[in-house]
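Take a look at the structure set out below.
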Amino acid sequence: MIDARLLRDDPESLREAQRRRGEDPSIVDALVAADERRRSTIAAFEALRSEQKSMGKQVAQAQGEEKQTLLARTKELSAQVKAADAEQTAAGEEFTTLLKALPNPAPDAPPGGEDDFVVLEEVGTPRDFAAEGFTPRDHLELGQLLGAIDVERGAKVSGSRFYFLTGVGAQLELALTQLAMSKAAEWGFTPIIPPALVKPQAMEGTGFLGQAADDVYHLEKDDLYLVGTSEVPLAAYHSDEILDGPRHYAAFSPCFRREAGSHGRDTRGIVRVHWFDKIEMFVYTSLEDSYAQHERILGFEKQWLDLLELPYRVIDVAAGDLGLSAVRKFDCEAWIPTQGKYREVSSASNCTQFQARRLDIRNRLDDGGTEPSATLNGTLCAMPRIIVALLENGQQADGSVRLPAALHPFLGEVLQPVGARA
RNA sequence: GGAGAUGUCGCAUAGUGGCCUAGUGCGCCCGCCUGCUAAGCGGGUUGAGGGUUAAACCUCUCGCGGGUUCAAAUCCCGCCAUCUCCGCCA
């Protein structure tokens with residue numbers, strides 16, 4: 001959520017921010033009114049409560065008839081305090097509910113919606129398969145030839161959008177994990193393996209129970225949620241804490257997504273699945289430093305794709321396509337030859353203090369005070385999509401796949417087809 | 001899953017209904033004193049919210065949430081966490 005003070009100091013900037021995202025500016029005015037209600041009920045409650053406390057002290061000292069008179073008065077006060085408290089609580093809740101629904105202003109993101117992204121750069125050159133004299137196979141066909149991906153049995157065992165990684169497929173994920181984690185450690189990130197099941201507060205605090213709630217798996221019996229990204233446990237990791245300096249984490253975790261709104265899209269292969277493993281970077285820092293950290297995270301994502309020798313581009317996502325918490329998001333998209341386009345493989349978001357306000361995460365300041373931390377997250381390696389990109393971009397005419405040099409120590413230079421088998 | 005115990009300021013502890021505006025010690029910060037250091041002396045030291053130009057001031061915060069009461073750290077109920085033992089399990 002945003003800083004509530006902005007509602008009093010500069011509501012017009014918030015209305016403007018709403019327009020930039022293509023959202024309704026009038027909810028800002030509803031919020032201003034709710035804030036006024038909240039504050040006046042607080043003042044009313046506190047005045048009564050203060051009176052109650054001082055009268056309570058007189059009761060303690062009074063004797064006999066005087067005490068009885070006082071008791072009659074305090075009894076009445078007690079009821080008033082109770083009513084004022086209820087009013088205060090209700091007004092506060094109404095205000096908070098509205099406040100949580102207001103997105104983070106994104107003044108630096110390109111205006112517009114999903115298609116209004118700005119391409120920042122293209123790195124590497126997609127291969128020209130026509131010139132090389134063969135038609136590229138898609139990742140699923142290659143995965144089957146290599147004995148790396150088994151979606152039939154994934155569907156048999158778990159349903160559509162599930163898969164088994166087998167043989168070199170499984171080895172590939174383990175190699176990527178090892179390589180990415182050691183890179184991250186080199187860059188100063190603390191490796192983390194977080195829980196993939198979290199309590200409602202963690203899910204709620206990171207904003208995933210709002211507009212994205214349909215995409216989240218919920219275990220009703222235990223009231224636990226399966227995380228769609230380790231951003232959730234990583235953000236909640238320091239909830240209700242005061243930090244004495246920046247933190248950098250890189251987490252490996254499974255991710256679970258219902259993909260509720262994407263029926264019929266990317267149904268072939270493992271581009272869009274209900275479960276996958278991912279390595280995510282997460283940073284806690286100050287607001288001022290967050291912009292530099294955002295560039296730094298993007299830099300690491302690019303280094304990773306360079307290391308894997310994949311052609312990709314970087315886009316600056318438009319304001320209307322950002323989600324609640326981010327003020328700006330850079331996506332890296334790898335070239336997928338059989339689709340003839342770039343597809344998202346990683347994403348770096350700066351959430352400024354928006355997430356930390358909800359989760360109550362603060363930085364200790366030099367003067368002894370506190371301020372909400374800024375949080376940032378970025379994908380380092382989402383396994384299935386990176387595997388898709390590696391297979392399709394590295395393939396050769398005979399169905400074998402040439403790997404980037406960085407993976408040679410783990411898997412050799414070339415993955416060979418294993419031929420037909422049961 | 002069963003039984004028991006515990007949860008108070010950064011740490012350690014005191015506190016069994018009003019004198020708690022939560023005491024004391026340690027640690028930490030600021031002064032004073034002092035050849036230096038240590039000791040000693042004085043003051044400060046949870047966080048949030050309301051209020052104010054700024055202050056003053058007020059409210060909340062004793063694991064969390066309810067309740068009883070004029071009044072709750074204190075009594076009652078529920079939950080959570082931790083520890084010990086038993087069971088089960090990787």
Side-chain angles (χ1 to χ4, degrees), chain A residues 1-11 31-100 193-205 219-225 233 236-245 247 252-254 284 286-287 353-373:
Chain A
M1 60 186 151
I2 62 152
D3 185 350
R5 247 183 299 267
L6 273 176
L7 287 167
R8 278 178 262 169
D9 297 345
D10 192 4
L31 258 167
V32 170
D35 185 35
E36 274 160 21
R37 259 196 314 283
R38 176 184 71 101
R39 283 182 294 137
S40 67
T41 55
I42 286 173
F45 163 75
E46 288 184 357
L48 283 168
R49 176 68 178 148
S50 184
E51 191 185 349
Q52 182 189 34
K53 283 176 73 167
S54 67
M55 289 201 64
K57 290 198 176 105
Q58 294 174 45
V59 170
Q61 268 147 37
Q63 294 296 328
E65 198 175 316
E66 189 195 355
K67 186 160 189 162
Q68 293 314 309
T69 317
L70 277 173
L71 275 180
R73 169 72 185 122
T74 49
K75 200 153 192 161
E76 187 187 322
L77 241 187
S78 175
Q80 288 173 1
V81 166
K82 208 164 187 171
D85 191 19
E87 237 174 278
Q88 177 213 171
T89 304
E93 276 169 5
E94 189 196 335
F95 173 72
T96 307
T97 304
L98 278 172
L99 188 65
K100 280 183 175 172
I193 297 182
L197 289 170
V198 298
K199 296 198 249 183
Q201 304 94 283
M203 215 50 160
E204 213 278 327
L219 301 179
E220 220 164 283
K221 197 168 179 183
D222 301 285
D223 199 17
L224 288 170
Y225 292 86
Y237 188 57
H238 286 301
S239 58
D240 301 316
E241 292 183 26
I242 298 174
L243 303 177
D244 53 12
R247 304 289 161 96
F252 170 91
S253 86
Y284 296 81
S286 65
L287 179 61
Q353 297 169 313
F354 193 86
Q355 242 172 11
R357 267 198 205 91
R358 277 190 177 208
L359 291 164
D360 191 21
I361 305 164
R362 286 163 290 162
N363 293 335
R364 179 69 68 189
L365 299 173
D366 290 339
D367 67 7
T370 65
E371 67 173 12
S373 307

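Small disclaimer: the values here were computed from a predicted structure and weren't measured. A, B, ... follow the sequence lines: proteins, then strands. Residue 1 opens every chain.
Phosphate proximity of G50(B) to Arg8(A): present, with a side-chain N or O under 4.0 Å from OP1 or OP2. Distances shorter than 4.0 Å separate some side-chain N or O of Arg362(A) from OP1 or OP2 on A48(B).
Shown here, A54(B) forms no base pair; nothing in the strands shown gives a Watson-Crick or G-U wobble contact with both key distances under 3.5 Å. Using N1 to N3 plus N6-O4 or O6-N4 for Watson-Crick, or N1-O2 and O6-N3 for G-U wobble, each under 3.5 Å, C89(B) pairs with nothing. Nucleotide C33(B): unpaired (no Watson-Crick or G-U wobble partner with both distances less than 3.5 Å). Pairing of G18(B), defined by two Watson-Crick or G-U wobble distances under 3.5 Å, is identified with C70(B). Pairing for G10(B) goes to C26(B), judged as Watson-Crick or G-U wobble with the two contacts each under 3.5 Å. C60(B) is paired with G47(B) under the criterion used here, namely a Watson-Crick or G-U wobble arrangement in which both key atom distances are under 3.5 Å. Base pairing analysis places C83(B) opposite G4(B); the two distances defining the Watson-Crick or G-U wobble pair are each below 3.5 Å.
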Using residues 77-84 of chain A as the side-chain source, report each donor-acceptor pair under 3.5 Å to any protein atom, sequence neighbours left out, with the distance given to one decimal.
none

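Straight-line distance between the C1' atoms of G40(B) and A72(B): roughly 41 Å, to the nearest whole Å. On the C1' atoms, G23(B) is 7 Å away from A14(B), given to the nearest whole Å. Comparing A56(B) with U46(B), their P atoms sit 15 Å apart, to the nearest whole Å. Of the C1' atoms belonging to U82(B) and U69(B), the separation is 32 Å, rounded to the nearest Å. With C1' as the reference atom, G27(B) and G10(B) are 8 Å apart, rounded to whole Å. On the C1' atoms, G7(B) is 26 Å away from U59(B), given to the nearest whole Å. Distance check on atom P: U37(B) versus C28(B) gives 15 Å, rounded to whole Å. Using P as the reference atom, U6(B) and U13(B) are 14 Å apart when rounded to the nearest Å.
Spacing between atom CG of Leu224(A) and atom P of C80(B) amounts to 12 Å, rounded to whole angstrom units. Atom pair Ile361(A):CD1 and G47(B):C1' shows a separation of 16 Å (rounding to whole Å applied). A straight line from CZ of Arg5(A) to P of G49(B) spans 7 Å, rounded to a whole angstrom. In this structure, CG of Asn363(A) is placed 17 Å from C1' of A48(B), rounded to the nearest angstrom. Distance Asp223(A) CG to C79(B) P: 15 Å, rounded to the nearest Å. Look at CD on Gln201(A): it is 13 Å from C1' on A81(B), rounded to the nearest Å. The interatomic distance linking Gln61(A) (CD) with C20(B) (P) rounds to 12 Å, in whole Å. Glu241(A) places its CD atom 15 Å from the P atom of G47(B), with the value rounded to the nearest Å.
Residues passing the side-chain contact (heavy atoms from CB on, under 4.5 Å) test with Pro254(A), sequence neighbours excluded: Ala196(A), Phe256(A), Trp275(A), Asp277(A). Scanning for side-chain contact (heavy atoms from CB on, under 4.5 Å) contacts around Thr69(A) gives an empty result, with sequence neighbours left out. Here Ile242(A) pairs with Arg362(A), Arg364(A), Thr370(A) under the side-chain contact (heavy atoms from CB on, under 4.5 Å) rule; sequence neighbours left out. Shown here are the side-chain contact (heavy atoms from CB on, under 4.5 Å) partners of Ala34(A), two or more places apart in sequence or in another chain: Arg37(A), Phe95(A), Leu98(A).
Comparing Ala60(A) and Ile42(A) against RNA chain B, the residue whose closest nucleotide sits nearer the 5' end is Ala60(A). Mapping Lys57(A) and Glu371(A) onto RNA chain B by nearest heavy atom places Lys57(A) closer to the 5' end of the strand.
The pair Asp35(A)-Arg8(A) meets the salt-bridge criterion, with a side-chain N (NZ, NE, NH1 or NH2) lying under 4.0 Å from an Asp/Glu carboxylate O. Between Arg49(A) and Glu46(A), none of the side-chain N atoms (NZ, or NE/NH1/NH2) sits under 4.0 Å from a carboxylate O, so this pair counts as no salt bridge. Between Glu204(A) and Lys199(A) there is no salt bridge, since no side-chain nitrogen of the basic residue lies less than 4.0 Å from a carboxylate oxygen of the acidic one.
Within the 3.5 Å criterion, the main-chain N or O of Gly92(A) finds a donor-acceptor partner in the side chain of Thr96(A).
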In B/S/- notation, 5' to 3', how is nucleotides 59-74 of chain B contacted by protein heavy atoms closer than 4.0 Å?
-> BS-------S-BS---
